[in-house]
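Data first, discussion second: the structure below is written as structure tokens.
Each ligand, and each atom within it, is numbered from 1 in the order the structure gives. Because the structure is predicted, anything quoted here is derived from the model rather than measured.
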Amino acid sequence: MIRKLRLKFILTIMVIVLVLLGLMLGLVLVFTRAQIERDNIQMMREIALRPRTPALPADSSDMNLPFFRITVSKEGEILSCVGGYYDLSDEELLYGLIEAADSGEGETGTIDSYHLRYLRHERPSENVYVFSDITSEMRAMKGLITSCVLIGLAGLGLFLVVSILLSGWAVRPVAQAWEQQKQFVADASHELKTPLTVILTNAELLQNGGYGEAEHARFASSIQTMGQQMRGLIEEMLMLTRADDTAQTKTFQRVDWSNAVNDSIMLFEAVFFEKGLTLQPEIENGIFVRGDGTKLRQMVEILLDNAQKYCRENAVTTVRLSRKGRFALLEVSDEGEEISAEDLKKIFRRFYRVDKARSMNHSYGLGLAIAERIVTAHKGKIWAESRNGVNSFYVQLPCEAN
Ligand code: ADP
């Protein structure tokens with residue numbers, strides 16, 4: 001799919017470039033040719049309007065140019081020929097040229113077999129024919145056409161290279177999104193496979209005879225547990241999808257960030273207390289951000305939930321919110337097993353768990369991925385640090401003025 005997209009991109013650019021180059025070079029050729037022809041005919045007209053001279057005038061330097069003029073009486077007799085550039089002694093040839101010029105429709109035209117352009121000018125008592133050699137004009141045009149073709153080919157080659165490079169750059173986000181999507185489907189299927197296998201096996205055992213009531217109850221309970229686990233996973237996957245929708249910043253509002261964090265802390269106070277853990281808030285009041293309040297609270301709850309899940313016994317979890325210049329910095333730190341530098345880089349990935357065995361315990365490795373999506377959609381930054389047995393998660397969001 002990505003290859004096809006890249007190919008289409010290159011093809012589109014090349015067609016546009018081909019049309020544009022063709023049009024530009026074509027116009028250059030047409031206008032240059034018209035200009036040369038116009039200048040040439042103008043010169044011929046000037047020569048035609050000069051009074052007849054029986055011989056070559058001394059100052060007619062332009063007559064040495066590739067022009068010659070024949071004046072013919074109304075009866076068709078050649079009265080004079082002027083043109084230093086040519087040998088005009090062959091009268092038969094001159095009459096042939098006059099005849100060819102007369103057979104043409106307009107005032108001007110070309111005699112291709114002689115590479116000549118003519119201009120016919122009628123006077124009351126005589127007709128004047130001016131001829132011009134267009135060999136050099138044709139050669140110049142040929143040279144120009146060759147140059148245009150070469151420039152066109154070089155331009156096409158250059159744009160081909162540029163479009164190949166550009167296409168790689170342009171489709172990279174699509175390729176990444178595509179890869180992520182594939183990885184997500186693969187991971188989600190893998191996560192759903194285990195509980196589904198357990199459910200199917202237990203359902204089969206339930207159908208088979210030969211088991212007592214106690215076993216039946218155990219099989220049913222396993223099915224229920226696995227069903228709940230699947231529901232939990234699906235709910236988290238839906239949450240992740242909705243976190244992607246947060247990117248639509250149109251719905252963002254001014255959020256009292258201090259209040260939102262306090263609300264989330266209140267929700268978790270009982271959970272921490274039940275487990276014998278300490279939750280220690282240090283919240284600076286009056287910090288506002290722009291965003292989706294519900295999603296931001298959801299993000300704080302993910303961090304608090306992780307803190308109570310992964311901290312050691314009797315640990316203290318500190319939640320700090322303070323203003324740091326133009327930003328609001330939220331810190332959720334708990335005392336727990338150190339996260340290695342390697343794992344710190346990966347924990348925000350979808351389905352990544354440091355302890356793989358925890359999946360049975362409603363830990364699917366999606367929480368931090370959801371949190372990261374929400375923070376990124378709010379133009380913020382989220383990162384984790386682990387030092388001296390304290391695991392800290394930081395969220396930096398742009399502040400709104402009070
Ligand atoms: P889940 O908690 O569902 O496994 P998360 O994406 O929230 O998924 O977390 C990913 C992993 O990061 C967890 O499995 C855990 O190993 C690690 N982790 C997250 N928060 C903490 C924390 N506060 N302390 C220690 N490890 C953590």
Side-chain angles (χ1 to χ4, degrees), residues 180 183-184 186-188 190-192 194-195 225-226 228-244 246 261 264-265 267-269 271-272 275-282 295-321 329-377 380-396:
Q180 269 181 6
Q183 191 59 44
F184 181 69
D187 290 343
H190 180 76
E191 292 293 325
L192 286 168
T194 317
T225 310
M226 288 298 133
Q228 275 164 355
Q229 190 178 321
M230 282 175 79
R231 192 174 61 189
L233 177 56
I234 289 166
E235 272 168 6
E236 284 213 10
M237 289 200 295
L238 282 174
M239 249 192 256
L240 187 64
T241 321
R242 290 196 200 111
D244 283 343
T246 317
V261 176
S264 304
I265 289 172
L267 270 182
F268 273 83
E269 262 170 357
V271 182
F272 276 75
K275 292 178 85 173
L277 304 168
T278 310
L279 189 54
Q280 199 171 288
E282 292 173 20
K295 295 267 161 58
L296 287 172
R297 266 192 291 272
Q298 186 185 343
M299 182 264 295
V300 180
E301 283 155 24
I302 289 171
L303 298 183
L304 289 174
D305 186 41
N306 278 351
Q308 60 87 20
K309 264 197 306 193
Y310 299 108
C311 70
R312 61 168 172 72
E313 267 179 45
N314 305 319
V316 176
T317 298
T318 314
V319 185
R320 263 187 215 105
L321 177 67
L329 186 69
L330 173 73
E331 176 193 339
V332 180
S333 297
D334 67 81
E335 299 163 326
E337 206 173 302
E338 198 156 317
I339 310 172
S340 71
E342 191 61 30
D343 284 325
L344 275 176
K345 278 189 238 156
K346 297 178 185 165
I347 49 176
F348 291 96
R349 289 187 194 165
R350 293 161 167 183
F351 295 105
Y352 189 81
R353 291 183 297 263
V354 176
D355 179 2
K356 305 285 181 277
R358 269 184 178 266
S359 68
M360 292 294 179
N361 199 16
H362 301 287
S363 291
Y364 312 105
L366 288 177
L368 288 179
I370 296 170
E372 190 190 35
R373 287 301 166 106
I374 294 174
V375 174
T376 313
K381 239 171 75 180
I382 184 167
W383 72 98
E385 287 173 13
S386 184
R387 218 173 287 133
N388 307 324
V390 177
N391 294 321
S392 306
F393 288 79
Y394 296 93
V395 174
Q396 181 185 278

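Residue Thr317 holds its OG1 atom at 9.5 Å from CD of Gln280, rounded to the nearest 0.5 Å. Interatomic distance, Ile347 CD1 to Ile339 CD1, rounded to the nearest 0.5 Å: 4.5 Å. Here Glu372 contributes atom CD and Met299 contributes atom CE; the two are 11.5 Å apart, rounded to the nearest 0.5 Å.
With hydrogens and angles disregarded, no donor-acceptor distance shorter than 3.5 Å links the side chain of Lys346 to the backbone of Tyr352. Looking only at distances, a side-chain donor or acceptor of Tyr364 sits under 3.5 Å from a matching main-chain atom of Gln229. The closest donor-acceptor contact from the side chain of Gln308 to the backbone of Phe272 lies at 3.5 Å or more, if one exists at all.
Of all the heavy atoms of Leu368, the ones lying under 4.0 Å from any atom of ligand 1 are found in both the backbone and the side chain. In Leu366, the part holding a heavy atom less than 4.0 Å from any atom of ligand 1 is the backbone. When heavy-atom distances to ligand 1 are checked against a 4.0 Å cut-off, Tyr310 comes that close only through its side chain, counted from C-beta outward. Residue-level proximity to ligand 1 for Ile339 is carried by the side chain, the only part with a heavy atom below 4.0 angstrom.
Inclusion of Lys309 in the set of residues having an N or O under 3.5 Å from an N or O of ligand 1 is warranted. Inclusion of Val354 in the set of residues having an N or O under 3.5 Å from an N or O of ligand 1 is warranted. Considering backbone and side-chain atoms together, Gly365 places an N or O closer than 3.5 Å to an N or O of ligand 1. Every N/O-N/O distance between Phe393 and ligand 1 stays at or above 3.5 Å.
Atoms of ligand 1 lying under 4.0 Å from any heavy atom of Asp334, numbered from 1 in the order shown and given with element: 22 (C), 23 (N), 24 (N). Those atoms of ligand 1 with a heavy atom of Tyr352 less than 4.0 angstrom away are 10 (C), 11 (C). Each of the following atoms of ligand 1 lies closer than 4.0 Å to a heavy atom of Tyr364: 3 (O), 4 (O).
Listed by chain and residue number, Glu301 satisfy the side-chain contact (heavy atoms from CB on, under 4.5 Å) test with Leu267 (two or more places apart in sequence, or in another chain).
By the neighbour-count criterion of 12 heavy atoms within 6.0 Å, atom CZ of Arg231 is sparsely surrounded, having that number or fewer from other residues, nucleotides or ligands.
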